[in-house]
Amino acid sequence: MRMYRREEEVDGMAVDPLKAVHTVPGITGHEVCHYFFGPQYRYDWETTLEQMTVLETVSDDTLVFLQTHKRIWPASQRDVLFWSHMRKLPNENDRDGPDLWTVVNNSTTHLDYPPNVGKCVRIYLKVCLLCQTRVDPPKDGAPLTRDNISCKITYCSVVNPGGWAPASVLRAVYKREYPKFLKRFTAYVVNQTKNKPIMF
Ligand SMILES: CCCCCc1ccc(-c2ccc(S(=O)(=O)CCO)cc2)cc1/C=C\c1ccccn1
């Protein structure tokens with residue numbers, strides 16, 4: 001896994017853009033996005049999650065979430081309200097190749113859940129998960145197995161922590177949590193799919 005960060009501050013708060021690139025053997029981009037988008041799986045892999053509610057089902061590929069994350073001392077507890085959209089993208093570089101898949105999470109507002117009214121500080125985020133499947137067909141024309149596929153995952157995020165938190169604390173959280181989060185999530189997808197038919 002390669003991780004890239006740029007140190008940026010808005011109103012004195014660290015909002016460092018992050019890009020992580022991780023290639024995982026044995027899974028497809030559709031499978032990665034399916035488990036990242038699906039609310040039914042989130043408590044299995046998102047261990048900093050304290051509470052998750054689907055506020056709105058806009059369509060089968062677009063949901064509105066309200067999430068409360070566990071407090072990370074010494075900062076106040078955070079929550080986040082965002083729309084989440086999953087879609088397949090045509091492979092512009094290889095029309096015969098597997099499609100790309102993406103999930104975008106973007107902070108939004110909801111009249112019934114105004115920010116910063118309870119114990120939580122509302123954070124604001126933009127997240128893009130872009131997945132490119134690679135197929136290396138077996139030489140002898142044998143049926144395709146999970147040994148012949150891999151997925152290049154690009155995860156980009158910008159998180160505004162909402163209320164003030166020491167930049168040193170935020171950067172320590174992100175530096176510690178993001179690699180864990182992405183490795184835990186991708187290991188979860190590998191485990192969930194290993195005995196299932198390949199979902200392209
Ligand atoms: C002072 C601490 C402030 C940070 C708290 C925090 C903010 C945001 C988020 C977060 C991270 C990933 C997403 S997502 O990619 O959309 C997936 C759906 O859950 C949404 C939210 C988490 C965490 C808290 C911990 C933390 C920080 C990085 C990575 C992982 N955990």
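Read the numbers this way: they start at 1 and go in the same order the structure lists the ligands and their atoms. This chain uses plain numbering: 1 for the first residue, then up along the sequence.
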- atom 25 (C) of ligand 1: which of Thr48, Leu129, Leu125 has the nearest heavy atom? Thr48
- In this structure, CD1 of Ile198 is separated from CZ of Arg146 (nearest 0.5 Å) by 5.0 Å
- Message: Suppose we measure from atom 23 (C) of ligand 1 to each protein heavy atom; which comes out shortest, and what is that distance?
- Response: His69 ND1, 4.0 Å
- Task: Starting at CD of Gln67, measure out to CZ of Arg42 and round the result to the nearest 0.5 Å.
- Result: 5.0 Å
- Item | Proximal ligand 1 atoms for Val127, defined as those under 4.0 Å from one of its heavy atoms | 15 (O), 16 (O)
- Query: Between Asn116 and Arg122, is there a donor-acceptor pair closer than 3.5 Å when you use the side chain of the first and the backbone of the second?
  - Reply: yes
- Message: Counting only heavy atoms closer than 4.0 Å, does ligand 1 sit against the backbone of Leu49, its side chain, both, or neither?
- Response: neither
- Query: Nearest to atom 15 (O) of ligand 1, what protein heavy atom do you find, and at what distance?
  - Reply: Tyr155 OH, 2.8 Å
- Item | Residue selection (non-hydrogen contact nearest atom 18 (C) of ligand 1) among Arg184, Arg78, Glu46 | Glu46
- Message: Tell me whether Phe65 reaches ligand 1 (any heavy atom closer than 4.0 angstrom to a ligand atom).
- Response: no
- Flag the pair His110 / Glu56 as yes when at least one side-chain heavy-atom distance between them is below 4.5 Å, and no otherwise. yes
- Task: Mark the output for Ile72 as yes if a heavy-atom distance to ligand 1 is under 4.0 Å, and as no if none is.
- Result: yes
- Residue selection (non-hydrogen contact nearest atom 1 (C) of ligand 1) among Pro161, Ala75, Ser76: Ala75
- Contact partition for Gln67 relative to ligand 1, non-hydrogen atoms under 4.0 Å: side chain
- Query: What protein heavy atom is closest to atom 8 (C) of ligand 1, reported as residue, atom name and distance in Å?
  - Reply: Ile123 CD1, 3.1 Å
- If you measure every N/O of Tyr174 against every N/O of ligand 1, is any gap under 3.5 Å? no
- Note on the structure: When distances are taken from atom 3 (C) of ligand 1, the protein heavy atom at minimum range is Leu170 CD2, 3.9 Å
- Which residue owns the protein heavy atom closest to atom 26 (C) of ligand 1, what's the atom, and how far is it? Glu177 CB, 3.8 Å
- ligand 1 and Asn105, any nitrogen or oxygen pair closer than 3.5 angstrom? yes
- Message: Tell me which one of His69, Lys70, Glu50 satisfies side chain to side chain donor-acceptor pair (under 3.5 Å) with Gln77.
- Response: Glu50
- Query: Any chain of hydrophobic side-chain contacts (each under 4.5 Å) joining Val158 to Met13?
  - Reply: no
- Do the two ring centres, one from Tyr155 and one from Phe185, sit under 6.0 Å apart? no
- Task: Report yes or no: do Tyr43 and Val80 belong to one cluster of Ile/Leu/Val/Met/Phe/Trp/Tyr joined by side chain heavy-atom distances under 4.5 Å?
- Result: yes
- Verify the cluster assignment for Trp45 and Leu49: are they in a single hydrophobic cluster under the rule of side-chain heavy atoms below 4.5 Å apart? yes
- Item | Separation of Leu66 CG from Met52 CE (nearest 0.5 Å) | 10.5 Å
